Asks: 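The structure under discussion is supplied below as structure tokens; questions concerning it will follow.
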Amino acid sequence: MSVATESSSPGGSPDTARLLATVDPARRRTDRTMQVLIYIAFALAMIPLIWLIWTVVAQGADRISIDFLTQSMRNIFGGDPRGGIYHAIAGTVIITLLATVISVPIGILTAIYLVEYGKGWLARSVTFFVDVMTGIPSIVAGLFAFSLFALIFGPSVRIGIMGAVALSVLMIPVVVRSCEEMLKLVPNELREASYALGVPKWLTIVKVVLRTSVAGLTTGVLLAVARVVGETAPLLVTVGVTDSINFNPFEGRMMTLPVFAYRQYSQGNAPCPGGDSATCVADIASQNAWGAALVLIAMVLALNLIGRLITRWFAPKLG
Amino acid sequence: MAQRIDTKDLNIYYSSFLAVEAVNMTIEPKSVTALIGPSGCGKSTFLRTLNRMHEVIPGARVEGHVEMDGVDLYGPNVDPVAVRKNVGMVFQRPNPFPTMSIRDNVLAGVKLNNKRISKSDADDLVESSLHGANLWNEVKDRLDRPGSGLSGGQQQRLCIARAIAIKPQVLLMDEPCSALDPISTIAIEDLIGELKNDYTIVIVTHNMQQAARVSDRTGFFNIAGTGKPGKLIEMDDTATIFSSPAEKATEDYVSGRFG
Ligand SMILES: Nc1ncnc2c1ncn2[C@@H]1O[C@H](COP(=O)(O)OP(=O)(O)OP(=O)(O)O)[C@@H](O)[C@H]1O
Ligand SMILES: [Mg+2]
């Protein structure tokens, strides 16, 4: 095909071939070993995840039905297999949404302050307190929200907004941290390009910095939501439990999925005198718990999918 | 339209480090002024004080005066944002906004400032700016594609289009061709030749031939040693600087006998 091949023997010059083929056997062995180790590590990391999802699906899938998703547990006692988790789904959605509405503005504004404005002791102490907040145990956040509201409404108060405040205490540091990292990733050149066009700083932040990092910010916020949506302890002390539907986070107790799962699981088997029947299933409580767990996981998964869609939608486009 | 700039005893600092010392320079309107000098002598630093971009860096500050038609840019009533609207800048590395289309990049000065502009005015502005930057023919069919999808040279011309779309009085260019191939370089040099009919242009370059080709006046910066401040050694007509400069250091530098 080419002119150059005329002079060279088939397979090329042996000297050159030897030069290019020299392989350090030790390096090849190390390469293989590391490759195997990495695959093993990956498999090890996947085992608990797959196992967990498989267990939850296996135990919970049977319980899922339209009734289970659309009814509450009002007037359901013992081994009665009717009823569902609608009240808990509603509670989780409302309380998490409220917590997000509280945490996201505070978190993103704090991150903007730290990245775009903060210097000196104030920024350092904000960073320090955010770090401290990251380590707060969730039950402490719950007790904090409880004592805050108990000061105003008395010690027997249990309302949805208390839970949202408790979750916010857990959420804000996560939002600040992840959004801070995302804002730092925006190249300084883009800010300078914007300033050089005579755009004031605040507009540069809103229209260039936030716009460029919106995909990362969304991911950060969704990670924070996923972090708190499964919290149990703080909700138990602030929101309490109920068997009925309550859409009002400013009045009355609310049920949430993790608390529901915990409560059902701790009930143990129901006494069914005549054995399992259509009106009495002994381990219905445990089935309810698994069903709620499955729904909770599905919600987190859906959140992640939405996050990915948003990320793809807003990501800086190339080509 | 184009305006003259005088700097008077300009000292430029990064925190306590004096980067550039005592610059007295006159930049003539509707002409091209080239700044040359060895790396690290403070050309970029000086350039960025002309549109108050220097102070964006934490701790950076300026002493002395930069006067545009007699008005001190560092005077008490001067808004740096307004200064930057009138003194545009093209950076060494092309930096189009990655989230915006080619069209939106050209309109960035308008859109980022939340200014209202009619569709037809916007179309006209995009077309005239891209024509001005010699880019129109290459991108006219894909104005809605992302600006980051262009080649490096096209991106740089897009950045020039973006800078001239805000209709500045003065255009600063920091080594605009350093990342470009010879053909894009010639295109940008031609463009500079055209732009000087309307704008006052200051260009930093490491390329002597380029300085000789495009500029009317040339300023030579030098630095005595590391940690010492950079200084404006000599400024004169480009022809004079390259044929018979007054200073020995300038002659050594432009003839390549430097260091
Ligand atoms: N952000 C900064 N903070 C502190 N010092 C800086 C900063 N930027 C530049 N300097 C210093 O200021 C001096 C002048 O730098 P400048 O970038 O202006 O040089 P230059 O002439 O543009 O060089 P080059 O030709 O390599 O671009 C150098 O000593 C540099 O180290
Ligand atoms: Mg430079």
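Throughout, protein chains are lettered first and strands after them, A, B, ... in sequence-line order, and every chain is numbered starting at 1. On a predicted model such as this, the values are computed, not experimentally measured, just so you know.
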Asks: Taking non-hydrogen atoms and a cut-off under 4.5 angstrom, which of residues 193-208 of chain A neighbour chain B?
Replies: A:A193, A:S194, A:Y195, A:A196, A:L197, A:G198, A:V199, A:P200, A:L203, A:K207, A:V208
Asks: To check you understand the geometry: which heavy-atom pair defines the closest contact between A:L190 and B:P98, and what is its length?
Replies: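 A:L190 and B:P98 have their closest heavy atoms at CD1-CD, 3.5 Å.
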Asks: Name the region of B:N114, side chain, backbone, both or neither, that has any atom closer than 4.5 Å to a heavy atom of chain A.
Replies: both
Asks: Under a 4.5 Å heavy-atom cutoff, which of B:M53, B:R52, B:M89 has the most pairs with chain A?
Replies: B:M53
Asks: Counting only heavy atoms closer than 4.5 Å, note whether B:R93 contacts chain A via side chain, backbone, both or neither.
Replies: side chain
Asks: Are A:E192 and B:R84 within salt-bridge range, i.e. N to O under 4.0 Å?
Replies: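 Answer for the salt bridge query: no.
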Asks: Does atom OH (A:Y117) have a neighbourhood of more than 12 heavy atoms from anything else shown, all under 6.0 Å?
Replies: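 Enclosed.
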Asks: Got a sec, which residues hit side-chain contact (heavy atoms from CB on, under 4.5 Å) with A:P249, two or more places apart in sequence or on another chain?
Replies: A:I94, A:L98, A:M254
Asks: Would one find more than 12 heavy atoms of other residues, nucleotides or ligands at under 6.0 Å from atom CZ of B:R61?
Replies: yes
Asks: If you count every heavy atom of other residues, nucleotides or ligands that lies below 6.0 Å from A:Y113 atom OH, does the total exceed 12?
Replies: yes
Asks: Among B:V83, B:V81, B:N113, single out the residue with the greatest number of heavy-atom pairs under 4.5 Å to chain A.
Replies: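 Counting heavy-atom pairs under 4.5 Å, the top option is B:N113.
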Asks: Quick one: what part of B:P96 sits under 4.5 Å from any heavy atom of chain A, side chain, backbone, both or neither?
Replies: backbone
Asks: Could you have a look at B:L112, B:N95, B:I166 and say which one has the most heavy-atom pairs with chain A under 4.5 angstrom?
Replies: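 Among the listed options, the one with the most contacts to chain A is B:L112.
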Asks: Does B:I183, at its CD1 atom, have more than 12 non-hydrogen atoms belonging to other residues, nucleotides or ligands within less than 6.0 Å?
Replies: no
Asks: Sort B:F91 into side chain, backbone, both or neither according to what part of it lies under 4.5 angstrom from a heavy atom of chain A.
Replies: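 Looking at B:F91, just its side chain touches chain A.
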